[in-house]
Protein chains: 2
Amino acid sequence: MANKVKFERDKVVYLASQLFWQKGFHATSTRDLQDAINMRPGSIYAAFGSKEGLYRESLKDYTLQMQSQIQGFLATSDTIVGGLRAFVESVVIAKKDCNPSAICMLVKANNEFATKDETLYELSLDLLAQFESDLIELFKQAQLNNELSNAVTAQEYAQFFQVQFTGLRGYFNRPNNIHLAPKMINQMFALLRKL
Amino acid sequence: MANKVKFERDKVVYLASQLFWQKGFHATSTRDLQDAINMRPGSIYAAFGSKEGLYRESLKDYTLQMQSQIQGFLATSDTIVGGLRAFVESVVIAKKDCNPSAICMLVKANNEFATKDETLYELSLDLLAQFESDLIELFKQAQLNNELSNAVTAQEYAQFFQVQFTGLRGYFNRPNNIHLAPKMINQMFALLRKL
DNA sequence: TTTGATTTTGAGCGACCGTTCAAGTTAAAA
DNA sequence: TTTTAACTTGAACGGTCGCTCAAAATCAAA
């Protein structure tokens, strides 16, 4: 009883994550955030505790968004590998200009907080490990479906996928020669099937 | 005539680059730098102009160090591909704990300054493009030496190399499962020869 | 309509940022 | 030895940082 919150938490976290994703944690000021999410310091600190608190929630939300995006592609593909491929294509090619960065926010976080004593570094490790677990489950299922051989383990497929995916996104963060992306994605999945 | 500079510029730039490499540009304060390179603000600004000036020189120096490191491995290998492989192994496996970061400083820079209007973003693009040019020349030579087929271009070899190398370094930035690195490097070079 | 718990506001705090510059120190030239 | 231009020092400046909190605004319950 009394007053009700006026901001939509989901929307605020989304807007904050877009800004953090673009600029990184340290280069984003609380004034930048105030403008982006249209909230005053008092409300922000009542709702999220600190700049780091808002970042933590933003990064977790980003991970959830990415996972549901993958689920979407899997739902409209007849194979798991095909779904993953559609996901990779959409991220590397289509979204190149409408995303805040070509590079995964999770990877950017893991790069920015490189020293082991930072709590945000630990958070990035946790979320990356969780993502890898999900990938492993997907590749296990792909093997059961006879989409992929059993010559290597599901974990090795997941590792290969992450190395390639992260490598590609980093490479195409450079603005030139984006036209090479389809060929390199073809190559990635051709190699995946030959592992 | 008058006084002579007391600091060794090479050593100072090296120490600064180690700190910038570890913490990134924004998270490194000028006080951090003062301690690391043992210079007072006045001397730093007389010698480098600004924090950004010192960073620019650090990043360029890092690139030179990396290139001369590659030259060293090439000189002690009988093949170009073998030299590149020794370089990759030394960076991904051996140097994991004695380098400020598992991730290439050039890649970290390219990730940190993601917006196109930043001059440091342009610098990272220039240095990355220069590195790719050098790689292309190496792969051209490897093709002439019949180490690699002509089925794909030297540029495609260079692109594949960079995607794999960056992907691997990013993946092994996570502290766990480093023991998988040799196998994944084997895989990388096995795939390279099959392109 | 009044009450009162809750949320929002934004001025402003102390700390730290990148940077400056007057004063002190140094050593080659005179 | 004196001069003097170049280098080093470190206190301190204006600005921005993350964050606080008293006051105003809001709205369900009484």
Side-chain angles (χ1 to χ4, degrees), chain A residues 1-59 108-109 112-113 115 117-121 123, chain B residues 1-59 109 112-115 117-121 123:
Chain A
M1 69 254 352
N3 204 351
K4 283 184 172 175
V5 297
K6 278 160 203 67
F7 68 91
E8 302 163 59
R9 194 175 183 95
D10 288 355
K11 187 174 183 178
V12 160
V13 170
Y14 172 75
L15 290 171
S17 75
Q18 294 287 109
L19 191 61
F20 277 131
W21 185 5
Q22 178 190 109
K23 308 186 70 168
F25 178 76
H26 287 106
T28 302
S29 74
T30 51
R31 267 83 175 175
D32 291 337
L33 287 166
Q34 289 169 39
D35 295 343
I37 70 183
N38 192 31
M39 285 174 75
R40 261 38 65 199
S43 294
I44 297 175
Y45 281 80
F48 302 102
S50 64
K51 179 186 170 185
E52 177 171 329
L54 178 51
Y55 183 86
R56 297 181 77 87
E57 198 155 324
S58 297
L59 192 61
K108 280 190 90 165
E112 183 171 4
F113 313 111
T115 51
D117 57 342
E118 297 180 77
T119 62
L120 289 178
Y121 176 70
L123 176 63
Chain B
M1 68 243 15
N3 204 351
K4 284 185 173 174
V5 298
K6 278 162 201 65
F7 68 91
E8 303 164 58
R9 194 174 183 95
D10 288 356
K11 188 174 183 179
V12 160
V13 170
Y14 172 75
L15 290 171
S17 76
Q18 294 287 109
L19 191 62
F20 276 132
W21 186 5
Q22 179 190 110
K23 307 185 69 167
F25 177 77
H26 286 106
T28 303
S29 75
T30 51
R31 268 82 174 175
D32 290 337
L33 286 166
Q34 289 169 38
D35 295 343
I37 69 182
N38 193 30
M39 284 174 74
R40 261 36 66 199
S43 295
I44 297 176
Y45 280 80
F48 302 102
S50 65
K51 177 188 171 185
E52 177 171 329
L54 177 53
Y55 183 86
R56 296 181 77 87
E57 199 155 324
S58 298
L59 192 61
E112 183 170 5
F113 313 113
T115 52
D117 55 344
E118 296 180 76
T119 63
L120 289 178
Y121 176 70
L123 176 63

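Letters go in sequence order (proteins before strands), and every chain restarts at 1.
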(request) Hey, could you give me the NZ/CG distance between A:Lys23 and A:Leu33, rounded to the nearest 0.5 Å? (result) 9.0 Å
(request) Report yes or no: do A:Ser17 and A:Glu57 form a side-chain donor-acceptor pair below 3.5 Å? (result) no
(message) With a 4.0 Å limit, can you tell me whether A:Lys4 has a side-chain N or O closer than that to the phosphate oxygens OP1/OP2 of D:dC27?
(response) no
(request) Would you mind telling me which residue lines up with the more 5' stretch of DNA chain C, A:Pro41 or B:Glu52, judged by nearest nucleotide? (result) A:Pro41
(request) Begin with the C-alpha distance, continue with both residues' side-chain angles, and end with the deciding distance and a verdict on salt bridge (Lys or Arg N to Asp or Glu O under 4.0 Å) for A:Lys108 and A:Glu112. (result) CA-CA 6 Å; A:Lys108 280 190 90 165; A:Glu112 183 171 4; over 6 Å; no
(request) Consider only side-chain N and O atoms of A:Gln22 and A:Thr28, and report whether a donor and an acceptor are under 3.5 Å apart. (result) no
(message) Cation-pi check for A:Phe25 against A:Lys51: NZ or CZ below 6.0 Å from the six-membered ring centre and within 45 degrees of the axis, yes or no?
(response) yes
(request) Could you identify which residues of residues 19-38 of chain B place a heavy atom less than 4.0 Å from some atom of DNA chain C, listed by residue number, or say none? (result) B:Thr28, B:Ser29, B:Thr30, B:Arg31
(request) Please list, by residue number, the residues of residues 9-16 of chain A whose heavy atoms come closer than 4.0 Å to an atom of DNA chain D; answer none if no residue qualifies. (result) none
(message) Base, sugar-phosphate or nothing for A:Phe7? Non-hydrogen atoms, less than 4.0 Å.
(response) sugar-phosphate
(message) Less than 4.0 angstrom between a side-chain N/O of B:Tyr45 and OP1 or OP2 of C:dT20, yes or no?
(response) no
(message) Within this structure, what is the CD-CD1 distance for the pair B:Gln34 and B:Ile44, rounded to the nearest 0.5 Å?
(response) 5.0 Å
(message) Whether the side chain of A:Ser58 engages the backbone of A:Leu54 through a donor-acceptor N/O pair (distance < 3.5 Å, no angle test) should be reported.
(response) yes
(message) With a 4.5 Å cut-off on side-chain heavy atoms, are B:Tyr55 and B:Phe48 touching?
(response) no
(request) Please tell me which of the listed nucleotides, D:dG10, C:dG10, D:dC19, lies nearest to the side chain of A:Arg40? (result) C:dG10
(request) Calculate the interatomic distance between B:Lys51 atom NZ and C:dC17 atom C1'; express it in whole Å. (result) 8 Å
(request) Please state how far atom CZ in A:Phe48 lies from atom C1' in D:dT20, giving the value in whole angstrom units. (result) 18 Å
